[in-house]
Amino acid sequence: MTDISKLLGEETQYLLGHQCQTLSKDMLSLPGSDYVSRVLMQKDRKPTVMRNLQTLFNTGRLAGTGYLSILPVDQGVEHSGGASFAPNPLYFDPDNIVKLAIEGGCNAVASTLGVLSSVARKYAHQIPFLVKINHNEILSYPNFYDQTLFASVEQAFDMGAVAVGATVYYGSEHTRRQVQEISEAFERAHELGMVTVLWAYLRNPAFKKDGVDYHTAADLTGQANHLAVTINADIVKQKQAQTNGGYNAIQFGKTHPKVYEELTSEHPIDLVRYQVANCYMGRAGLINSGGASSGADDLHQAVRTAVINKRGGGMGMISGRKAFQRSMAEGVDLLNAIQDVYLDKQITVA
């Protein structure tokens with residue numbers, strides 16, 4: 001098992017000893033081995049959706065815990081194949097992407113239609129597939145930022161996927177169209193029995209003000225989460241909150257003083273707790289993204305993110321570049337370290 005305290009260093013007590021005084025954990029629908037029968041059972045989901053979510057929970061090193069560790073490798077569309085895979089050209093081959101997810105003990109592998117369909121007959125029965133059906137791409141010149149459909153729900157279903165994923169850029173000029181498209185796609189996915197996962201990301205240049213990037217503000221990302229669950233996302237993928245006060249800084253939209261006075265604090269676990277609260281108090285699971293690879297500090301950052309997610313009431317991590325932009329052995333070790341946080345019974349919900 002990974003030595004979590006050693007990796008956290010000076011922040012060990014700050015992160016492992018914290019207790020939330022904002023929103024009590026008793027208010028949350030927390031992850032657990034019985035999550036499907038305890039939480040999803042109350043929804044209008046078909047039995048096949050329940051079975052497929054349970055399949056996710058029953059796979060990999062975290063099987064039986066109610067937590068998720070997902071490997072996402074869809075960055076080649078937006079960031080380019082070169083930017084994504086030049087650090088380790090092994091992963092230009094989709095076979096190695098899925099192999100990393102399996103050897104890394106992940107609950108699922110998330111990628112594009114092309115990546116997963118190219119190896120579906122070999123791997124769809126070995127690890128759950130999550131097909132990302134829309135993307136942004138920046139080969140178009142000049143650049144513009146929009147999420148458009150690259151695949152259909154039916155294509156994901158036909159290759160044996162248990163889940164579909166999509167992104168909505170909340171705050172962008174294209175938000176309303178994306179919401180309509182993905183709401184319809186999620187409806188179809190549920191009809192076919194698949195789990196739905198939404199990348200609920202913010203995207204607007206106005207969300208950066210006075211040198212602060214509010215794309216990761218707890219109040220703004222919290223509202224993005226709330227909108228994600230509104231279109232029936234079963235799981236919400238969100239960047240972990242790094243700051244707060246986006247509404248007040250931008251002076252746009254609506255908020256309430258109690259959000260900042262009572263429901264949040266400056267502590268990162270409390271900021272994530274607010275993100276979970278906006279996922280209908282955990283009735284949809286919150287998984288935090290792992291972020292870009294920064295090199296030597298990746299292991300520390302990945303474990304820190306996982307600790308904050310778990311103690312905040314989140315459902316797990318979806319981490320890609322920190323794993324696949326290094327050797328497969330090192331990638332497996334990093335994924336296992338993330339999973340060790342969720343396997344460690346001493347690390348509890350704050």
Side-chain angles (χ1 to χ4, degrees), residues 40 43-53 55-56 68 70-81 84 94-95 97-98 101 107-140 144-170 172 174-201 203 224 227-237 284 287 318 320:
L40 194 67
K43 301 183 181 181
D44 66 349
R45 305 298 191 262
K46 290 185 174 183
T48 43
V49 178
M50 298 173 64
R51 181 194 65 200
N52 281 329
L53 183 57
T55 297
L56 287 172
L68 298 173
I70 299 174
L71 176 72
V73 190
D74 62 320
Q75 294 86 347
V77 176
E78 179 174 7
H79 300 288
S80 87
S84 300
D95 189 275
I97 291 172
V98 183
N107 300 75
V109 57
S111 196
T112 66
L113 172 70
V115 165
L116 295 177
S117 67
S118 68
V119 291
R121 291 189 181 276
K122 182 176 181 180
Y123 287 118
H125 61 294
Q126 296 189 48
I127 186 170
F129 280 10
L130 193 172
V131 179
K132 184 73 161 39
I133 61 173
N134 73 346
H135 304 281
N136 179 43
E137 58 83 23
I138 54 175
L139 184 60
S140 298
F144 66 95
Y145 299 96
D146 190 11
Q147 290 283 334
T148 52
L149 290 168
F150 275 54
S152 70
V153 172
E154 286 76 9
Q155 287 173 301
F157 177 78
D158 286 344
M159 77 166 74
V162 305
V164 295
T167 299
V168 170
Y169 280 157
Y170 290 106
S172 80
H174 307 293
T175 297
R176 298 293 180 85
R177 193 208 77 249
Q178 293 170 19
V179 166
Q180 183 176 2
E181 287 178 353
I182 302 311
S183 178
E184 293 172 355
F186 279 7
E187 179 184 17
R188 180 57 175 151
H190 282 147
E191 287 176 352
L192 293 172
M194 288 187 286
V195 177
T196 57
V197 184
L198 193 76
W199 280 237
Y201 284 174
R203 184 61 65 91
L227 295 174
V229 189
T230 301
I231 61 172
N232 271 348
D234 297 312
I235 298 168
V236 178
K237 176 189 176 186
I287 56 176
I318 179 165

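Remember, predicted model here, so these are calculated numbers, not experimental data.
Taking Thr55 as the reference, nothing meets the side-chain hydrogen bond (donor to acceptor under 3.5 Å, both in side chains) condition, with sequence neighbours excluded. Partners of Glu187 under the side chain to side chain contact (heavy atoms under 4.5 Å, CB included) rule, at least two apart in sequence or in another chain, are Glu191. Evaluation of the side-chain hydrogen bond (donor to acceptor under 3.5 Å, both in side chains) rule for Gln75 yields no partner, not counting sequence neighbours. Not counting sequence neighbours, the partners of Thr175 by the side chain to side chain contact (heavy atoms under 4.5 Å, CB included) test are Val168, Tyr170, Ser172, Val179. Checked against salt bridge (Lys or Arg N to Asp or Glu O under 4.0 Å), Glu154 has the following partners two or more places apart in sequence or in another chain: Arg188. Every side chain to side chain contact (heavy atoms under 4.5 Å, CB included) that Glu137 has, sequence neighbours left out, goes to Val77, Leu139, Ser140, Phe150. With sequence neighbours left out, the side-chain hydrogen bond (donor to acceptor under 3.5 Å, both in side chains) criterion links Ser80 to no other residue. Residues satisfying the salt bridge (Lys or Arg N to Asp or Glu O under 4.0 Å) criterion with Asp158, sequence neighbours excluded, are absent altogether. Residues satisfying the side chain to side chain contact (heavy atoms under 4.5 Å, CB included) criterion with Asn232, sequence neighbours excluded, are Arg45, His190. Looking at residues two or more places apart in sequence or on another chain, you find a side-chain hydrogen bond (donor to acceptor under 3.5 Å, both in side chains) between Asp146 and Arg177, Gln178. In this structure, the salt bridge (Lys or Arg N to Asp or Glu O under 4.0 Å) partners of Lys122, at least two apart in sequence or on a different chain, are Asp95.
With 3.5 Å as the limit, one finds a donor-acceptor pair spanning the side chains of Lys132 and Thr167. A side-chain donor from one of Thr196 and Asp234 sits under 3.5 Å from a side-chain acceptor of the other.
Atom CG of Leu53 and atom CG of Leu40 lie 5.5 Å apart (nearest 0.5 Å).
Val109 pairs with exactly one of Ile70, Val73, Leu116, Leu130 by the side-chain contact (heavy atoms from CB on, under 4.5 Å) rule, that one being Leu116.
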